[in-house]
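What follows is a single structure, written as structure tokens, with notes after it.
Just the heavy atoms: all of them, side chains too, but no hydrogens, waters or symmetry mates, feed the values below.
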Amino acid sequence: TRPEDRQPCGDAPGDGPRAEPRDQHKSREKRPDDAARRARGKDMSDRSSDRAPLIQFPLRGDRADHSEAARGKKKQDGHMEQHLLKQGAPRGKLFYNSCGVDTHLFADARPDLAPPQFISIGRFVDKKAPYLTLLAFKKVAEEIPEAKLIMGGDGPLLESCRQLVRGLKLSQAVEFVSPLTREGVRATLKRGRAFVQHSIEVNTGDLMEGTPVVLLEAGASGLPTVSTRHGGIPDVIVEGENGFLVSEGDVEGMAERMIRLAKNPALAARMGEKARRRVVADFSMEKSIGNLKRIIEFAVQNHRERTKL
């Protein structure tokens, strides 16, 4: 219950007049009436929502945060925060804290030693657009006949994707593996040259991604990613550093970047190393839990300050 919604001490709603000692009645007259107290509480709440939160976006490593503050640079809003701000969310109540992953379990992939084999793991649903990944891979297979695509997961579009593979004559190049356990995901990622996912915003149902956990697991494993500028993906993938990003629906662009990685295992290895370093620094389970603790502490402190009004 919010402090401004609580009933004031004294008469309960619906009770008739109640006799009070004269002194008590006097002290009551000195307090601001209920409407004024509520208005003051609302004003304070509104002002607090405009203030920058204790934990500003993005929740990154302390050293990076301190060095930016020391140089007087304003932090740039992340993709997910920009989306929420456009929807009208108050900045002072926004905290960015992605899911963290086990960077000890997900490790040791060697994209430079793997064949030109791409991994795509996730639910077969509209916003992940697995059919667009298949269309991009079709172009890769035309250029590099030995290329493979492993798709793991389940969902309503799985059978449609199986049929599309047959129609594209890719049955020998595409492998479906499902369902996958956590250990199965780890083992599958270690088979790949790169991770691929063509996420898009859709008009029905589950509209868009947050930050896909499997994308973090792929990065922790040491794989570069080819994906789209969508949801929280650009908050993890830095274009040309730990992967490549294309616009939603850009099948040609996705295929071109997959071909680059298929032909250049050394490039995949360099990007994969940077991908792991980024996930370990900013998206580990320990980092996520620590950030969550700080957010809860901030919320508790904020509540205590408001209840003093």
Could you walk me through whether Glu183 and Arg186 pass salt bridge (charged side-chain N to carboxylate O under 4.0 Å, His left out), step by step? CA-CA 5 Å; Glu183 175 59 32; Arg186 185 190 73 84; 2.5 Å; yes

Rounded at 0.5 Å granularity, tell me how far [atom1] in [X] sits from [atom2] in [Y].
X	Y	atom1	atom2	result
Phe283	Leu216	CZ	CG	6.0 Å
Lys287	Thr103	NZ	OG1	12.5 Å
Met208	Asp126	CE	CG	14.5 Å
Tyr96	Asn291	OH	CG	10.0 Å
Ile259	Met254	CD1	CE	12.0 Å
Thr133	Leu149	OG1	CG	7.5 Å

Donor-acceptor contact below 3.5 Å, side chain [X] vs main chain [Y]:
X	Y	value
Arg193	Gln117	no
Lys148	Gln172	yes
Asn242	Lys274	no
Ser288	Ser284	no
Arg278	Val236	yes
Ser247	Asp250	no
Arg123	Gly155	no
His198	Thr228	no
Ser221	Leu189	no
Arg257	Ser227	no

Could you list the residues that satisfy side-chain hydrogen bond (donor to acceptor under 3.5 Å, both in side chains) with Glu146, not counting sequence neighbours? none

Cluster check [X], [Y]: I/L/V/M/F/W/Y, side chain < 4.5 angstrom:
X	Y	result
Leu215	Val125	no
Leu164	Val196	yes
Val214	Met285	no
Ile295	Phe298	yes
Val213	Val280	no

Minimum-distance pair of heavy atoms, taken over all atoms of [X] and [Y]:
X	Y	answer
Met151	Pro130	CE-CB, 3.8 Å
Ala255	Val140	O-CG2, 3.8 Å
Val251	Leu135	CG1-C, 3.7 Å
Leu134	Leu170	O-CD1, 4.3 Å
Leu223	Gly192	CD2-O, 3.3 Å
Leu132	Gly249	CD1-CA, 4.4 Å

What side-chain donor-acceptor pairs closer than 3.5 Å can you find for residues 105-113, not counting sequence neighbours?
from, atom 1, to, atom 2, distance (Å)
Arg110, NE, Asp112, OD1, 3.1
Arg110, NH2, Asp112, OD2, 2.9

Can you name the residues that form a salt bridge (charged side-chain N to carboxylate O under 4.0 Å, His left out) with [X], not counting sequence neighbours?
X	answer
Arg191	Glu175
Lys190	none
Glu286	none
Lys128	Glu209

Checking side chain to side chain contact (heavy atoms under 4.5 Å, CB included) for the pair Glu248/Glu201: CA distance, chi angles, key distance, verdict? CA-CA 8 Å; Glu248 295 181 23; Glu201 189 168 349; 3.9 Å; yes

Lys/Arg-Asp/Glu bridge criterion (N-O < 4.0 Å) met for Glu142, Lys139: no

Any [X] side-chain heavy atom under 4.5 Å of [Y] side chain:
X	Y	value
Ile150	Ser120	no
Arg182	Asp102	yes
Phe95	Arg294	no

For Phe195 and Val226, what are the C-alpha separation, side-chain angles and deciding distance, and is it a side chain to side chain contact (heavy atoms under 4.5 Å, CB included)? CA-CA 6 Å; Phe195 180 79; Val226 181; over 6 Å; no

Could you go through the side chain to side chain contact (heavy atoms under 4.5 Å, CB included) check for Glu256 and Phe244 one step at a time? CA-CA 10 Å; Glu256 187 273 328; Phe244 294 113; over 6 Å; no

When you look at CD of Gln163, are more than 12 heavy atoms from neighbouring residues, nucleotides or ligands closer to it than 6.0 Å? yes

Donor-acceptor side-chain pairing of Gln197 and Ser199 below 3.5 angstrom: yes

Evaluate the ring planes of Phe176 and Phe124, with Trp represented by its six-membered ring, and classify them as parallel (under 30°), tilted (30 to 60°) or perpendicular (over 60°). tilted

